[in-house]
Amino acid sequence: MPTTDDRVDDRTVRPGAGPHRVVIRFAGDSGDGMQLTGDRFTAEAAAFGNDLATFPSFPAEIRAPHGTLAGVSSFQLHFADHDILTPGDRPDVLVAMNPAALKANVGDLPAGGVLIVDTDEFTPRNLTKVGYDGDPLEDDSLASYTVHRVAMTALTTAALAPLGIGKKDAERSKNMFALGLLSWMYSRPTEGTERWLREKFAKRPEIAEANVVAFRTGHAYGETTESFAGPVAVAPAVLPDGTYRQVTGNTALAYGIVAAGQRFGLPVFLGSYPITPASDILHELARLKRFGVTTFQAEDEIAGIGSAIGAAYGGALGVTTTSGPGISLKSEALGLAVMIELPLLVIDVQRGGPSTGLPTKTEQSDLLQALFGRNGEAPVPVVAPSSPADAFDAALDAVRIAVTYRTPVLVLSDGAIANGSEPWRLPRAADLARTPVIFQTEPNGPDGEFLPYARDPATLARPWTVPGTPGLEHRVGGLEKADGTGNISYEPDNHERMVRLRQAKIDGIEVPDLEVDDPAGPDGGTADVLVLGWGSTYGPIGAAVRRLRREGLTVARAHLRHLNPLPANTEAVLERYRTVVVPEMNLGQLAFLLQGRFARPVTSVTKVAGMPFGAEELQELLRPHVSPSASDLIGVRR
Amino acid sequence: MSAIDLGMPILGGLDLVPTAEDVQKAKDFTSDQEVRWCPGCGDYAVLAAVRSFLPTLSIRRENTVFVSGIGCSSRFPYYLDTYGMHSIHGRAPAIATGLAVSRPDLSVFVVTGDGDALSIGGNHLIHALRRNVNMTILLFNNRIYGLTKGQYSPTSEIGTVTKSTPMGSLDHPFNPVSLALGAEATFVGRAMDSDRKGLTAVLEAAARHRGASLVEIYQDCPIFNDGSFDVLRRPDDSEARVIPLVAGRPITFGTDGRWCVVRRGFGLQVAVTADVAPDDVVVHDPANLELAFALSRLSDQALDHAVFGVLRQVQRPTYDDLARAQVQQAVDGGGGETDEDLLGLLHGKDTWTVRDGSVLPAAGAAGAGA
Ligand SMILES: Cc1ncc(C[n+]2csc(CCOP(=O)(O)OP(=O)(O)O)c2C)c(N)n1
Ligand code: SF4
Ligand SMILES: [Mg+2]
């Protein structure tokens, strides 16, 4: 909705009045509970009906050394009274629980921003640890910000003293103090958080009480201290009609898998080996056994996909989930799944690579591996969700392809989608209609024999016949199959035919046309420039394009959900534009693909910092390609 | 053993597999595919034994699945008219695990070689064994890589000269039976390809065992490792080497039980029966893990002695039974069958509704979506 956006996209913290949108970043030591604090504030915003987007960022180490820069964990939340697309570039409010958090994050705080610090942590020792010569709270280095110096640790422990709980537990509750303070500043509803705390710590009521008291103390502190101008309210966002909840990408994928199992009448079997940032899908599904879901924590990624293939052979919805290093290990087995033509769902939650790379950071650099990373001609459909909520639909769509065409399907999510969250318009019962898979139970050959590799003329899918079916005993395997019978065949002509058949089957998968949002007209064609993305760049591209349009520039955009096969109209869409710009979090993999496929130049704009594009950053990277003086290029270009 | 008591009854390996209505014969289990092993290959004898022992299990052919890896021996599934998958190198136990967990009504066999199971697939093998997944693993040990034309394998004796080890192999071999016992496999047996009777007995016991069964089959590869086990076949040599095990019986071997097995320190050794008190002869007890391991150590790479039969057989809940029971328990607890259940899950606890441009207070869970 570009028009809404034009109205409200300016920076907006106006004490006393209702801002349209606010970006808050909670930053602290990885032991300070910043992710939890952020999650709760997000839940409060969601309960209030704001649109929102979040960006958690944490170290790969579980507990990096206390108080160091390496140990800083942060959670950024963008909430608004209108539809927003990204977690926000720069915070309006930065909460820094210690000097390390301040040092690591203050650079992102724009002049005029609000800074809230826990002064108790600004000890000489902690300051030296992160290389501060003096105390930044005492010199004028923070002069351009509105700084609130709050003795959070002392205030929290004092408030908790009557409860008689240990010093450690008391200090640990200071994140709830911060949450209480922020909740007051932004007039958040508080009942939900109190209820949630009591549920979470139901087994340790004294800890629940301590957290609730800390939360209320923070809230009261805001109320009684003159120094805060507020509270302010961000009105609920008017999104399209429907019922909403907040969801992360990993949860949405897990739910999509459960929904797909129910839709197609298949028990879900997940074979998986833990790896960041994909493990939460395993965790989530492990709790959902009541839906007939089996989860198997395998000895490695190969066993993860192997067991899923075995389950698929037995008639289950076989699923395996992993991240980059794991997808490398699964390559050979994926090839087997291509050869034996059974449905299989393979989820790759991409992270920074190569090798172990950046486990907790995001990247889109597994695209070409997903498309081509197997020996032989081994085509695999690839589906990419564009946002956390979209991951639900992407999973359902991927399973549709897998069962309809009897093929493994790769879903390419990434770290930003996996851990980020946003409102999700919930599907309704009618959206989840059941269409159970029908297994082959009768011979299909002309002479009453069974041909395991006979194909459906429309989809080129082979029959799915499960063990236990009398009379249809047959063998499958990785050796080349004879067309029809599926027996081993080394015949040159047969191999030629089978390679082409497998390719034709994938090429023929029905995927929706690429939709173009071209402000110059419903059919497009008038704008000169198309910005084309895939996956989690959806939000940043949308936000950057809005900004450019607000400057009066005409720019079209489109986003690919299906990377293989590409929508049938892809080439026609590309032909309509003088310039096609492809922003990606890699070194230009989709751009490379498009140039190879369609033999036309594409402008690649890339970032590989382990962080998503910021809206403003991408706006600046796109501008030279969009504005009339396109020759005056800056940024990364190939 | 399990933290949660799921009230599992003790079952046999085939108890959940439907039984055949008609009497079946070896030829019913024979596929139309031409067998393509080298003449004289030990795999033929094993195939013949398997084809004739399968009907005696009285289970339905269509509920029998052979999953194999890669190697000469792994061609096995093609030659049986059951369901089968010739998969990828070393991974058959992993694939069979997924199949066994999702299909309790199948009898799942894994066919693998010494390279397939112990080199590239060593990890999957030990984990399938420790988890005790209901499957029967036939490990064809010819102490060589047959399919890739004769490189040494993880069971080749030190000093084995092959194309890849022209000056002799350097690495100490695995004893597959010791390895399986180390992984606490609940059924471990060994047999010789040419010993139809012994092989059939061990295979049948393995198939009827509920849990992961490992059967090591000494198999001759006349092309690349000819006569590797000949000392165990030739009557003159074998008499003093082959130690057959019978549960509950004193372990003696050779003509008239000339030799026997006695304790020595923490292990076992071979003695002349006449020289020891009858009570000192060890009685075979397949339930005793330490004994089974000590017996496995009597088999060394030089084949001075080799133990055959069932070394270990104990009952332990299988991973697949437990996994299914957990799912069943959760399903029985309710809340996962209907469309409303699914909508309830998707809605979670905190929702809000937008209608006609305004935000309504939190909606009730599933109802709102209907
Ligand atoms: C990933 C992979 N690596 C290597 C090979 C080549 N290869 C096929 S079979 C084999 C060894 C087989 O030895 P073994 O398991 O002992 O079986 P045998 O042929 O002796 O029965 C090798 C190395 C392969 N097929 N796949
Ligand atoms: S190479 Fe050896 S193991 Fe392979 S088929 Fe020939 S004889 Fe048998
Ligand atoms: Mg071998």
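All of these numbers come straight from a predicted model, not from anything done at the bench.
- More than 12 non-hydrogen atoms from other residues, nucleotides or ligands lie less than 6.0 angstrom from CG of B/D32.
- When heavy atoms are compared at a cutoff of 4.5 Å, A/P467 approaches chain B by way of both its backbone and its side chain.
- Ionic pairing of A/E199 and B/K349 is present here: one or more N-O contacts between side-chain nitrogen and carboxylate oxygen are shorter than 4.0 angstrom.
- Between chain A and the residues B/S102, B/G336, B/P93, the largest count of heavy-atom pairs under 4.5 Å involves B/G336.
- Applying a 4.5 Å heavy-atom cutoff, none of the residues of residues 15-29 of chain B approach chain A.
- Using a 4.5 Å cut-off between heavy atoms, A/R434 touches chain B through its side chain atoms alone.
- No more than 12 heavy atoms of other residues, nucleotides or ligands shown are found within 6.0 angstrom of CZ on B/F174.
- Of all heavy-atom pairs between A/I257 and A/A395, the closest is N-CB, 4.2 Å.
- Residue B/L346 touches chain A through both its backbone and its side chain, counting heavy-atom pairs closer than 4.5 Å.
- Chain A forms the most heavy-atom pairs under 4.5 Å with one residue out of B/Q328, B/H124, B/R91, B/R324, and that residue is B/H124.
- For A/P408, the side-chain contact (heavy atoms from CB on, under 4.5 Å) partners at least two apart in sequence or on another chain are A/L334, A/A337, A/V338, A/L344, A/V380.
- Side chains of A/S272 and A/T321: a donor-acceptor N/O pair is present below 3.5 angstrom, by distance only.
- The one candidate from B/T112, B/L179, B/L129 that meets the side chain to side chain contact (heavy atoms under 4.5 Å, CB included) condition with B/L214 is B/L129.
- For a residue to count as touching a neighbouring chain, one of its non-hydrogen atoms must lie under 4.5 Å from one of that chain's; by this rule B/R36 touches chain A with the side chain only.
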Worksheet item: B/D320 and B/T318: side-chain hydrogen bond (donor to acceptor under 3.5 Å, both in side chains), yes or no, with the steps?
Response: CA-CA 5 Å; B/D320 46 316; B/T318 70; 3.0 Å; yes
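- With a threshold of 4.5 angstrom between heavy atoms, B/Y319 approaches chain A through side-chain atoms but not through N, CA, C or O.
- Residue A/A235: no heavy atom, backbone or side chain, is found under 4.5 Å from chain B.
- Neither the backbone nor the side chain of A/A308 comes within less than 4.5 Å of any heavy atom in chain B.
- Contact of B/D332 with chain A is not made at all, since no heavy-atom distance falls under 4.5 Å.
- For the set B/I88, B/I126, B/N63, the entry with the most heavy-atom pairs within less than 4.5 Å of chain A is B/I88.
- In summary, the side chains of B/D116 and B/H89 do present a donor paired with an acceptor at a separation below 3.5 Å, with no hydrogens or angles considered.
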Discussion item. Would B/L125 and B/V110 count as a side chain to side chain contact (heavy atoms under 4.5 Å, CB included) here? Give the steps.
Written reply: CA-CA 10 Å; B/L125 180 77; B/V110 165; over 6 Å; no
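- With a 4.5 angstrom heavy-atom cutoff, B/S87 touches chain A via backbone and side-chain atoms both.
- Atom CG of residue A/L52 and atom CG of residue A/D83 lie 12.0 Å apart, to the nearest 0.5 angstrom.
- Heavy atoms of A/V247 lying under 4.5 Å from chain B are absent altogether.
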Discussion item. Please determine whether side chain to side chain contact (heavy atoms under 4.5 Å, CB included) holds for the pair B/L342 and A/Y255, giving the CA-CA distance in whole Å, both sets of side-chain angles, and the decisive distance to 0.1 Å.
Written reply: CA-CA 9 Å; B/L342 178 60; A/Y255 288 0; over 6 Å; no
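- Heavy-atom pairs under 4.5 Å with chain B were tallied for A/N487, A/L432, A/V258; the largest tally goes to A/N487.
- Interface residue B/Q33: only side-chain heavy atoms are found under 4.5 Å from chain A.
- Chain B forms more heavy-atom pairs under 4.5 Å with one residue of A/R290, A/Q246, A/K289 than with any other, namely A/R290.
- For the 3.5 Å distance criterion, the side chains of B/T338 and B/D341 qualify, holding a donor opposite an acceptor.
- Neither side chain, A/S421 nor A/T248, offers a donor N or O lying under 3.5 Å from an acceptor on the other.
- Ranking B/T97, B/L106, B/T82 against chain A, the residue ahead of the rest is B/T82, based on heavy-atom pairs under 4.5 Å.
- Heavy-atom distances place the backbone of B/L80, and not its side chain, under 4.5 Å from chain A.
- Within the 4.5 Å cutoff, side-chain heavy atoms of A/N50 are placed close to those of A/R188.
- For chain B, the nearby part of A/F392 is the side chain; its heavy atoms alone come within less than 4.5 Å.
- For chain A, the nearby parts of B/V327 are the backbone and the side chain; heavy atoms of each come within less than 4.5 Å.
- For a residue to count as touching a neighbouring chain, one of its non-hydrogen atoms must lie under 4.5 Å from one of that chain's; by this rule A/Q262 touches chain B with the side chain only.
- Of the listed residues (A/A312, A/G468, A/P236), the one with the most heavy-atom contacts under 4.5 Å to chain B is A/G468.
- At a 4.5 Å heavy-atom cutoff, B/S74 makes no contact with chain A through either its backbone or its side chain.
- Ranked by heavy-atom pairs under 4.5 Å with chain B, the first of A/T469, A/T251, A/I340, A/I309 is A/T469.
- Counting heavy-atom pairs under 4.5 Å between each of A/F291, A/F296, A/Y313, A/W424 and chain B puts A/F291 at the top.
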Discussion item. Run A/L479 and A/Y490 through side chain to side chain contact (heavy atoms under 4.5 Å, CB included) and show every step you take.
Written reply: CA-CA 9 Å; A/L479 286 173; A/Y490 304 129; 3.8 Å; yes
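- In this structure, no portion of B/D105 lies under 4.5 Å from any heavy atom of chain A.
- Of the atoms belonging to B/R355, heavy atoms from both backbone and side chain fall under 4.5 Å from chain A.
- Only the side chain of A/L288 comes within contact range of chain B, judged by heavy atoms closer than 4.5 Å.
- With a 4.5 Å cut-off on non-hydrogen atoms, A/T295 touches chain B through its backbone but not through its side chain.
- Your options are B/T64, B/N123, B/V65, B/V67, and the one with the most heavy-atom pairs under 4.5 Å with chain A is B/N123.
- With hydrogens and angles disregarded, a donor-acceptor distance shorter than 3.5 Å links the side chain of B/W37 to the backbone of B/C72.
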Fill in: B/V101 and A/S307: CA distance, side-chain angles, deciding distance, side chain to side chain contact (heavy atoms under 4.5 Å, CB included) verdict
CA-CA 9 Å; B/V101 169; A/S307 60; over 6 Å; no
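- Chosen from B/P77, B/G90, B/S31, B/G335, the residue pairing most often with chain A at heavy-atom distances under 4.5 Å is B/G335.
- Side chains of B/H347 and A/R245: no donor on one and acceptor on the other come within 3.5 Å.
- Here B/F76 and B/F140 bring their ring centres to under 6.0 angstrom of each other.
- The two residues A/M339 and A/Y453 come nearest to each other via the heavy atoms O-OH, 2.9 Å.
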